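All remarks here apply to the structure that follows.
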Amino acid sequence: MRYDFIEKDDKIIMKDISNFEPKHVFECGQCFRWNRENDGSYTGVVYDKILNVKKVGNDVILSNTNKEDFESIWYNYFDLDRDCDEIKAKLSKDSILKKAIEFGEGIRILRQDEWEILISFITSANNRIPMIKRALETLSEKYGRFIDEYNGKKYYSFPKAKDLNSLSLDEIKKCHTGFRGKYILSAANIIENKEIDIYAIKNISTEDGRKELLLFPGVGPKVADCILLFSMNKPDAFPIDVWVKRVMEYFYLDEDTNLKDIQKYAQDKFRELAGFAQQYLFYYARELGIGKKK
DNA sequence: CGTCAGGTCTCTA
DNA sequence: TAGAGACCTGAC
């Protein structure tokens with residue numbers, strides 16, 4: 001294990017940890033079900049577990065958990081085996097990324113559930129982050145499973161494909177999903193009918209995985225790359241949303257470069273680390289409003 | 001009241 | 001193969 005930890009009460013304390021900044025991890029655009037608390041910590045639901053993550057000095061404290069879950073779930077979920085120093089060193093050779101990395105120090109790419117990420121990023125298309133979060137929370141409250149109450153709030157697991165499969169389109173649209181409702185429903189149908197095994201895609205190449213994901217209605221190149229990067233451990237995927245487009249054009253390319261050319265440029269430049277570069281650039285661009293017209 | 005948001009789909013040339 | 005429009009919805 002790359003990180004030492006101690007167990008105390010219902011907490012796991014990772015001492016003197018580097019490359020783990022909760023704000024940057026949970027607000028770099030990869031997840032929607034982690035929320036900031038008044039004390040600056042973050043609480044989220046993963047599978048059927050509720051976890052709170054807080055940084056205190058140089059320690060990261062995971063609350064409402066235990067050693068068994070840390071070893072079987074959280075160590076993998078937070079990708080704690082990753083050598084972030086090596087990635088940062090390689091990417092820092094580029095002067096722009098060097099700045100983005102300093103700015104987003106401690107970003108980690110989570111290893112999230114494939115199905116949940118598929119639905120989450122289908123919901124993200126032409127949408128706003130607060131609305132995406134609301135839609136996913138409503139789906140969970142209505143069709144997920146009640147887990148527990150934690151610090152006065154109720155938490156629900158994300159619904160499974162079989163939970164959504166039998167619903168009507170109207171029921172899904174009542175969860176604030178809008179025109180994406182039909183895509184969510186058909187994704188549930190495709191998974192339940194075993195037309196596509198979403199959990200097998202991580203075992204094939206990034207390129208083949210992308211092709212497979214594009215078979216889902218509502219999944220285009222950007223959403224497919226998000227799924228590959230955020231749930232299938234494919235760090236060479238490079239999702240291009242409006243922010244990444246802006247930041248790439250601002251620093252590296254001409255204005256109005258088409259998406260395919262940006263994609264090619266990024267893959268050639270960042271290669272197997274493109275996804276990590278994307279996360280740093282995205283966070284940098286969005287927090288500073290780089291390239292935003294106005 | 002228009003505008004627009006972490007894109008994708010559909011239709012046209 | 002590329003480019004323009006439409007698209008749920010609700011905050012501003």
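We use all heavy atoms of the structure for the numbers below, so side chains are in, but hydrogens, waters and symmetry mates are not. Keep in mind that what you see is a predicted model, and the values were worked out from it rather than measured. Just so we're on the same page: letters track the sequence lines, and every chain starts at 1.
With C:dC7, B:dG6, C:dG10 as the choices, the nucleotide that has an atom nearest any side-chain atom of A:F179 turns out to be C:dC7. Closest to the side chain of A:N126, out of B:dG6, C:dC8, C:dG10, is C:dC8. Of the candidate nucleotides B:dG6, C:dC8, C:dG10, B:dG6 has the atom lying nearest to any side-chain atom of A:K222. Of the candidates C:dG10, B:dG6, B:dT8, C:dG10 carries the atom nearest the A:R134 side chain, counting heavy atoms from C-beta on. Of all nucleotides listed (B:dC4, B:dG6, B:dC9), B:dG6 comes nearest to the side chain of A:Q278. Checked against B:dT8, C:dG10, C:dC8, the side chain of A:V223 finds its nearest nucleotide in B:dT8. When distances are taken from the side chain of A:I132 to each of C:dC8, B:dA5, B:dG6, the shortest belongs to B:dG6.
Backbone-only contact: A:V219 has heavy atoms under 4.0 Å from sugar-phosphate atoms and none from a base. Within the nucleic acid shown, A:P130 has no heavy atom closer than 4.0 Å to any nucleic acid atom. Within the nucleic acid shown, A:P221 comes within 4.0 Å of sugar-phosphate atoms alone, with no base atom in reach, counting heavy atoms only. Base contact: A:G29 has a heavy atom under 4.0 Å from a base atom. Nucleic acid contact for A:G220: sugar-phosphate only, since backbone atoms but no base atoms lie under 4.0 Å from a heavy atom of the residue.
Here B:dG6 presents its C1' atom at 13 Å from CG of A:D225, a figure rounded to the nearest Å. Atom-to-atom, CD1 of A:I227 to C1' of B:dG6 comes out at 13 Å; the value is rounded to the nearest Å. Remark: P of C:dT9 and CZ of A:R180 are 9 Å apart, rounded to the nearest angstrom. Rounded to an integer number of Å, the gap from A:L214 CG to B:dC9 P is 8 Å.
Remark: ring of A:F121 does not overlap the six-membered base ring of B:dG6 in a stacked fashion, as centroids less than 5.5 Å apart with planes less than 30° apart are not both met.
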